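Single-structure report; data block below.
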Amino acid sequence: MKIWLDGGLQDIGSARVSVLDHGLTVGDGIFETVKAVDGRPFALTRHLDRLTRSARGLGLPDPDLDEVRRACAAVLEANPVPLGRLRITYTGGHGPLGSDRGEQGTTLVVALGGTTRRPDSTAVVTVPWTRNERGALTGLKTTSYAENVVALARARERGASEALFGNTVGQLCEGTGSNVFVVLDGEIHTPPLASGCLAGITRALVVEWTGARETDLPLDVLQRAEEVFLTSTLRDVQAVHRVDDRESTGAPGPVTAKAMRIFDERSGADLDP
Ligand code: PLP
């Protein structure tokens with residue numbers, strides 16, 4: 001397996017990042033996960049825009065997007081897989097322990113993992129912890145993901161594949177690695193970005209392509225919604241058949257099934273929508 005590290009391809013077994021990299025010691029880094037179909041990245045331009053936004057939010061220098069594009073192309077060419085996920089990681093570089101920021105430039109790593117199409121429906125749980133809709137990192141895709149790891153472990157213990165967070169004012173927010181949509185009176189709604197959720201790229205495409213509305217939703221909407229679904233780069237549009245103990249038969253329901261169809265058709269037609 002070849003990965004890209006700071007300017008060129010390297011063998012994954014010998015590629016080295018400093019043990020004092022601030023991405024490792026304090027989580028001062030950002031990332032993107034990009035789906036790649038037959039060696040071609042999906043929605044890369046949107047991912048690179050978000051990478052730049054996350055860098056600015058964290059106070060990192062803007063990433064060199066030409067290098068990131070070259071890195072993605074080189075990694076995909078070196079590791080052919082029919083369906084893959086590119087992982088772009090960009091950190092504040094390395095520097096002495098205790099310094100505010102890496103002092104030696106930045107670190108860029110692009111790696112590729114295989115992936116498979118997710119099942120059409122899944123189970124989710126809600127967790128008692130909250131997303132902070134007004135935090136310094138809100139909306140940034142940083143490598144500080146430990147909270148998501150803990151919540152996902154809780155979901156797995158309960159036979160679910162995703163955990164959903166509310167925010168500090170009790171509104172529905174997002175999953176550990178996905179955005180959430182609900183169907184009410186036949187209409188699709190998703191929490192607004194002000195809820196503290198990540199500006200998911202799949203979320204934006206689904207809003208654009210289905211006319212879903214951005215609505216403040218109380219967390220307990222999950223117990224009365226006609227349908228619930230998730231969106232993310234790795235799930236695309238995925239129906240939810242169980243929220244906590246509430247099981248719904250027939251997921252994907254008709255509205256979710258239509259959203260899935262629209263997403264498959266439109267995303268298959270244009271790899272950089
Ligand atoms: N929310 C969080 C916290 C995420 O980490 C992700 C993706 O990793 C998403 C939502 C979904 O975003 P996207 O559709 O861009 O994959």
Side-chain angles (χ1 to χ4, degrees), residues 27 29-37 41-55 57-58 68 72 83-90 111 113 115 117-118 122 124-127 129-133 135-155 161-167 171-182 188 190-210 212 214 217 228-238 240 259-260 262-264 266-267 270-273:
I30 56 175
F31 77 103
E32 285 294 321
T33 299
V34 184
K35 184 168 64 168
V37 185
F42 176 72
L44 185 58
T45 303
R46 288 182 191 247
H47 282 284
L48 297 187
D49 286 350
R50 188 170 64 189
L51 189 73
T52 302
R53 285 202 308 277
S54 296
L58 212 56
V68 181
C72 291
L83 184 62
R85 51 167 141 169
L86 285 164
R87 160 78 188 219
I88 304 167
T89 309
Y90 179 70
T115 185
R117 209 185 142 87
R118 299 293 162 106
T122 194
V124 304
V125 297
T126 52
V127 286
W129 310 298
T130 53
R131 284 279 199 248
N132 179 358
E133 67 282 5
L137 303 182
T138 304
L140 309 181
K141 200 161 162 65
T142 76
T143 52
S144 306
Y145 249 49
E147 186 176 58
N148 292 319
V149 172
V150 171
L152 197 54
R154 171 70 63 94
S161 80
E162 181 59 305
L164 296 180
F165 290 91
N167 63 15
Q171 289 164 340
L172 180 61
C173 185
E174 66 175 346
T176 67
S178 63
N179 292 106
V180 59
F181 288 70
V182 296
I188 311 178
T190 193
L193 298 183
S195 70
C197 68
L198 185 76
I201 283 157
T202 324
R203 171 190 181 279
L205 292 171
V206 168
V207 167
E208 242 170 86
W209 291 344
T210 68
E214 299 178 84
L217 300 160
V228 179
F229 65 86
L230 305 176
T231 63
S232 81
T233 294
L234 297 178
R235 295 174 191 270
D236 293 332
V237 176
Q238 187 180 41
V240 169
M260 290 165 110
I262 292 173
F263 187 82
D264 281 351
R266 305 250 337 224
S267 64
D270 184 358
L271 281 173
D272 210 355

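Small disclaimer: the values here were computed from a predicted structure and weren't measured. Both ligands and their constituent atoms are indexed starting at 1 by order of listing.
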Run through all N or O atoms in ligand 1 and write down each protein N or O closer than 3.5 Å, as a pair with its distance.
unit_1	atom_1	unit_2	atom_2	d
ligand 1	1 (N)	E174	OE1	2.7
ligand 1	5 (O)	K141	NZ	3.3
ligand 1	5 (O)	Y145	OH	2.2
ligand 1	8 (O)	K141	NZ	2.6
ligand 1	14 (O)	I201	N	3.3
ligand 1	14 (O)	T202	N	3.0
ligand 1	14 (O)	T202	OG1	2.6
ligand 1	15 (O)	R50	NH1	2.9
ligand 1	15 (O)	R50	NH2	3.0
ligand 1	15 (O)	I201	N	2.8
ligand 1	16 (O)	T233	N	2.9
ligand 1	16 (O)	T233	OG1	2.6

The reported gap from CG in L230 to CG in L164 (rounded to nearest 0.5 angstrom) is 6.5 Å
- Item | Note, T143 side chain near T89 side chain (heavy atom, < 4.5 Å) | yes
T115 meets the side-chain contact (heavy atoms from CB on, under 4.5 Å) criterion, sequence neighbours left out, with L83, R85, R118, L234
Residues passing the side-chain contact (heavy atoms from CB on, under 4.5 Å) test with A194, sequence neighbours excluded, are none
Tested for side chain to side chain donor-acceptor pair (under 3.5 Å) against E32, the lone hit among R87, R50, K141 is R50
Taken in chain and number order and not counting sequence neighbours, the residues that satisfy side-chain hydrogen bond (donor to acceptor under 3.5 Å, both in side chains) with T122 are S161
